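Here the structure comes first, spelled out in structure tokens, and everything after it is commentary.
Every chain is numbered from 1, with letters handed out A, B, ... down the list of sequences. Quantities reported herein were computed from a predicted structural model and do not represent experimental measurements.
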Amino acid sequence: MGARTPLPTRFDPRPVESRWYTAWLEAGLFHARVEDPRPPWSVVIPPPNVTGSLHLGHALNNTLQDVLARHRRLQGFNVCWMPGTDHAGIATQVVVERELAKEGKTRHELGREAFVDRVWEWKARSGARIVEQLQALGCSCDWERERFTMDPGLSRAVREVFVRLHGEGLIYRDAFLVNWCPRCSTVLSDLEAPHRPSPGRLYTIRYPFVDGDDAIEIATTRPETLLGDTAVAVHPEDERYARHVGRTLRLPLLDREIPLVADAFVDREFGSGAVKVTPGHDPNDFECGRRLGLPIVNILNPDGTLNENAGPYAGLTVSEARGRVVADLETRGLLLGSREHPHEVPHCDRCDTVVEPLVSEQWFMRMEPLARPALEAVRDGRTTFHPRQWEKTYFHWLENVRPWVISRQLWWGHRIPAWRCTACERWTVAVEDPSACIHCGEAELEQDADVLDTWFSSALWPFSTFGWPDATPELELFYPTSVLSTAHDIIFFWVARMMMMGLHFMYDVPFRDVYIHPLIRDAEGKKMSKSRGNVIDPLEVMSAHGTDALRYTLVSLSAQGRDIKLGESQLEGGRAFVTKLWNAARFALMNLEADTAGQAGGAAGLYDRWIRHRMDVALAETHAALDAYRFNDAAAALYRFVWGELCDWYIELAKLALQGDEPRARLATQAQLREVLAGALVALHPIMPFVTEEIFQALPGRDGDFLMRQGYPKPGAPLSDAEAAEMDALVEVVACIRRVRGELGVPAGAKVQATLPTAAGTLAARHGAAIRSLCQVGELRVADTAPSATAAVASAAGFSVQVELADPSFLRDEVRRLEKTLGRLEKDLGFVIRKLENPKFVARAKPEVVDAEREKRARLDDEAERVRERLERLRRAVGGAS
RNA sequence: AGGCACGUAGCUCAGUGGGAGAGCACCACCUUGACACGGUGGGGGUCGGCGGUUCAAUCCCGCCCGUGCCUACCA
């Protein structure tokens, strides 16, 4: 009987994946139309760097977004997943500069125009690669809408935002202390200059007073910066120095005269309590200098060498200068000592060069006016973080936000729409290239050579991609987006800035939910890094185990509030699940007749209704989990349903009817098997799109469309309590007989004879075949006779189950088994009795809890008594040999 | 220095105010017509430590220890 399965014995993922992905694209399954009347659901991809290649972080984040997008499509939403890539200004420029360096060239030799052309070439090549990799992962992005941050449309949005914010006074030009990367020769934002621990020395230096023989001692880790000192500061309430404040000191080496000043920022406990003040090269000193009106001396050139202000040290690098300054101080007897002093030093995020703080004129953005609405929107719940704890991180940053340096001295990026008049030197800021200075009317204008921080355009992504500043139907429909999924390390860089810009320009939050996904570490919990050599390449995993296996594994490990430790065994688990589904489907297909549609089967039996019900429960659990971004719970619910219920119980039970000779029952079971398998495929499709589609397309009687257009099955009739209890009893009795067999070492193939009491007569009558088949019972009797001398006895579902042992040698094992059972019962009983004998428990616990304990006590008492009796009789039979 | 997580079976992790679960690993038996990437059964945990709240704490609270991450100008 049954048609031959069209599914091969083994699932070969690769050809299946590319075949279906192409088919989905051709069918336009991922494209959202604005005319679609269904409710919208949208998400924008965190645009990967154009120079990038798919790593596990991408694989995770995009799998999770794809799960959500496919899930919402199946729920009937008009889903738009906006894809695209980021020009990643400094990162990309650094990469292309490295390419050039291999050819022995620098960008300066090429010139700006040729260099930018070169980056565009690079972009064309590697931008396509990351898109292909996302497609290989199965991402159901609306590729017809793909965007790039330097597309003309998005560039126009960037200019528009710059000009408007400038007009509102939120973008301004200022000379301020900034982070400067000497290698990249550009300013960096605080976020782009992370502090890294570095070895260092703390030097103690003597600064003599001009008007006396005395001197003051200061401590510094950067002795070379004394060349830029314009004061020495002490705490105003430090009585040691109070009488000296106002005196003049002679700056060592340069012999400049500098004042001794008082400022509360000085820590009296540190070193001597006096600190050199270098407003040009230290954030604290800069602030102090501003407060006290101290002059600023910049001693650095843009390339990190010392300039003419450093006198005899001009031309040296910072580290050369440090050595020379220390040596010269020593020669003059001004160096009092030094000791090791590890500290945190800012490094360039992209090239790891030590960042120099210096004062530079740049474009800045005022953040507080933008931050306030962004804070408010999360506080009042217009946007919610998942897990919630990340809101604290968001609040902390926005509450302490500082002006953002948005100009970069790079060539790759959005050119700043500001022109300086050669005549009056003032700035003209405009969306369209101006032909004359708006201040003096002079026509000689020079556009600012700088570009904008990459994150400036990223901040606009949720609306620039939908056509802003035009009022497009896409914006109307898909903004605000439903969710943003990203990693926590990007909350400041991106999430907060999108919130600010979205609220400012769209008057609404950019997304309702922010899902912060876990970070992936290696099996030992270490961060993956190329230098450590512990990187798992998702593409390799996909070709070794299949994309569905990778996706399932990642989803199943995405618990809230914890990083993912990923190793081979986790991936094997994912693959095993894919295989299990595949094999279950093969079984079903072997047993489904092609044309059952027209034939009248019998009514669905209990097993059919039960599995249908379990499917409804699993779907409900999965959807509740996805609503709460509890991806691991969604995966677990489906795993338990497919493996633990569908495969372990339903398929085994269904074999009775499928392989029986009752045509109506067979047809009914076939119909249910088909329906439940199809339901499982739909339910799993968001997580494992490829294998589910492959199986679905092989099902007989499908309507020819894609799985994603099926929609989730509507819940069937609920199972009555009586039916549920009946199934539970069956499962318990089967498990009980299996356990007895297992514990007594009855060979797996050997048939046993079992007896159920007449109280279980209905169960035996209805499910005798199942019990016989599932636990190798040859004969199932119903009788209330006392157990024979050679029977094992156990209780299940309130019944006493007897298993007749063909071989009396098992009786010794039975004695041991019963002793163990009795031990457990007595231990449990002890707990219950202690509880019930505690008057406070009886008085104060909820009545239903007390009742439950009383019932439990009665049940345990009863069972223990039966086991004791049985044990006694057995011991006599065995003759005390144990 | 501050903040935020985490600490549950050998490993990776779920979980709940009423004596704790999964996967992998382990042990035993089983190549039964979907599946050895499998089936059935089993062993294994004073739920980091100490206090507190409660009739009852693995769960709530406090402190401590350990681990990780983030923020911070200690020269």
So R824(A), base contact, sugar-phosphate only, or nothing? Heavy-atom distance under 4.0 Å.
sugar-phosphate

Determine the interatomic distance between C1' on C35(B) and the same-named atom on U40(B); round to the nearest Å.
15 Å

What contact category does E572(A) fall into here, base, sugar-phosphate, or nothing, at under 4.0 angstrom with non-hydrogen atoms?
nothing

Among G18(B), A34(B), A75(B), which is the nearest nucleotide to the side chain of A584(A)?
A34(B)

Mind checking if I564(A) touches a base, just sugar-phosphate, or nothing, with heavy atoms under 4.0 Å?
nothing

From the set A14(B), G42(B), C73(B), return the single nucleotide nearest to any side-chain atom of K820(A).
G42(B)

R291(A) has an atom CZ; how far is it from atom P of C73(B), in whole Å?
14 Å

Q672(A) and T669(A): side-chain donor and acceptor closer than 3.5 Å?
no

Does the side chain of H396(A) pick up a donor-acceptor pair with the side chain of E391(A) at under 3.5 Å?
no

When rounded to whole Å, the CZ to C1' distance for the pair F587(A) and A34(B) reads 7 Å

Name the nucleic acid region contacted by R521(A), choosing base, sugar-phosphate or nothing; use a 4.0 angstrom heavy-atom cut-off, strictly under.
sugar-phosphate

Interatomic distance where CD belongs to E743(A) and C1' belongs to G43(B) [whole Å]:
11 Å

Side-chain N or O of H341(A) less than 4.0 angstrom from OP1 or OP2 on A75(B)?
yes

Does T579(A) get its side chain close enough to the base of C37(B), under 3.5 Å, for a donor-acceptor pair?
yes

Taking the side chain as everything from C-beta on, heavy atoms only, tell me whether V752(A) gets closer than 4.5 Å to V746(A).
yes

Pair Y203(A), R339(A) - check side-chain contact (heavy atoms from CB on, under 4.5 Å), show working.
CA-CA 7 Å; Y203(A) 300 88; R339(A) 61 178 170 85; over 6 Å; no

Does the structure show a Watson-Crick or G-U wobble partner for A9(B), both distances under 3.5 Å? Name it, or say none.
none

Check this for me: does the side-chain of K580(A) come within 3.5 Å of the base of C35(B) through a donor and an acceptor?
yes

Going by heavy atoms in the side chains, are Y650(A) and L673(A) under 4.5 Å from each other?
yes

Expressed as a whole number of angstroms, how long is the span from Y629(A):OH to A14(B):P?
20 Å

Taking only side-chain nitrogens and oxygens of K565(A), does any of them come within less than 4.0 Å of OP1 or OP2 of U12(B)?
yes

Looking at every strand, decide which applies to D489(A) at a 4.0 Å heavy-atom threshold: base, sugar-phosphate, or nothing.
nothing

If you assign each of A576(A) and F831(A) to its closest nucleotide in RNA chain B, which residue comes earlier from the 5' end?
F831(A)

Presence of donor-acceptor pair under 3.5 Å, side chain of E652(A) and base of A34(B)
yes

Closest to the R739(A) side chain: A14(B), G42(B), G19(B)?
G42(B)

Hydrogens and angles aside, do N632(A) and S558(A) bring a side-chain donor and acceptor to less than 3.5 Å of each other?
no

C63(B) versus A20(B) - spacing of their C1' atoms, nearest Å
26 Å

Give me the distance, rounded to whole Å, that separates U58(B) from G52(B) when you measure between the P atoms they each carry.
14 Å

Complementary nucleotide of C50(B), counting Watson-Crick and G-U pairs under 3.5 Å
G62(B)

Nearest-nucleotide pick for V275(A), side chain only, options being A75(B), C29(B), A34(B)
A75(B)

Check this one for me: any side-chain N or O of W643(A) less than 4.0 Å away from OP1 or OP2 of G39(B)?
yes

Any strand: nucleotide that pairs with G45(B) via Watson-Crick or wobble, under 3.5 Å
none

More than 12 heavy atoms of other residues, nucleotides or ligands under 6.0 Å from CG of D661(A): is that the case?
no

Round to a whole Å and report the spacing from NZ of K827(A) to C1' of G19(B).
7 Å

My understanding is that only one of H343(A), E340(A), H341(A) makes a side-chain contact (heavy atoms from CB on, under 4.5 Å) with R201(A); could you say which?
E340(A)

Side chain of A845(A) - closest among G41(B), G18(B), A75(B):
G18(B)

Using a cut-off of 4.0 Å on non-hydrogen atoms, how would the nucleic acid contact of R738(A) be classed: base, sugar-phosphate, or nothing?
sugar-phosphate

Whole-Å C1' distance, A25(B) and G43(B)
13 Å

Base, sugar-phosphate or nothing for C647(A)? Non-hydrogen atoms, less than 4.0 Å.
base

Please measure how far the C1' atom in A36(B) lies from the corresponding atom in A28(B), and state the result in whole Å.
16 Å

Heavy atoms from C-beta onward define the side chain here; which of C30(B), G15(B), A75(B) lies closest to that of R630(A)?
G15(B)

What is the distance, rounded to the nearest whole Å, between atom CG of L829(A) and atom P of G18(B)?
21 Å

Across the strands shown, which category fits F492(A) at heavy-atom distances under 4.0 angstrom: base, sugar-phosphate, nothing?
sugar-phosphate

Identify whether any heavy atom of T393(A) sits under 4.0 Å from a base atom; if not, whether one sits that close to sugar-phosphate; answer base, sugar-phosphate or nothing.
nothing

Phosphate OP1/OP2 of A34(B) contacted by K655(A) side-chain N/O (<4.0 Å):
yes

Base, sugar-phosphate, or nothing for E837(A), non-hydrogen atoms under 4.0 angstrom?
nothing

Provide the distance between the two C1' atoms, one in C65(B) and one in C50(B), to the nearest whole Å.
10 Å

Provide the distance between the two C1' atoms, one in U46(B) and one in A57(B), to the nearest whole Å.
14 Å

Can you figure out which of C4(B), C73(B), G39(B) approaches the side chain of H195(A) most closely?
C73(B)

Identify the nucleotide, in any strand shown, that forms a Watson-Crick or G-U wobble pair with A1(B), with both distances under 3.5 Å; if there is none, say none.
U71(B)

Any side-chain N or O of R741(A) less than 4.0 Å from the OP1 or OP2 oxygen of U40(B)?
no

Any non-hydrogen side-chain atom of L566(A) less than 4.5 Å from a side-chain atom of R521(A)?
no

Could you give the distance separating G7(B) and C64(B) at their C1' atoms, to the nearest angstrom?
14 Å

Let me know, please, whether D563(A) or H488(A) comes out on the 5' side of the other along RNA chain B by nearest nucleotide.
D563(A)

Any strand counts, and the cut-off is 3.5 Å on both contacts for Watson-Crick or G-U wobble. Which nucleotide pairs with C29(B)?
G39(B)

Is N838(A) touching bases, backbone alone, or none of the nucleic acid, heavy atoms closer than 4.0 Å?
sugar-phosphate

Base, sugar-phosphate, or nothing for R10(A), non-hydrogen atoms under 4.0 angstrom?
base

In whole angstrom, what separates R339(A)'s CZ from A75(B)'s P?
9 Å

Over how many whole Å does the gap from E269(A) atom CD to A1(B) atom C1' extend?
15 Å

Is there a side-chain contact between V277(A) and V232(A) (heavy atoms, below 4.5 Å)?
no

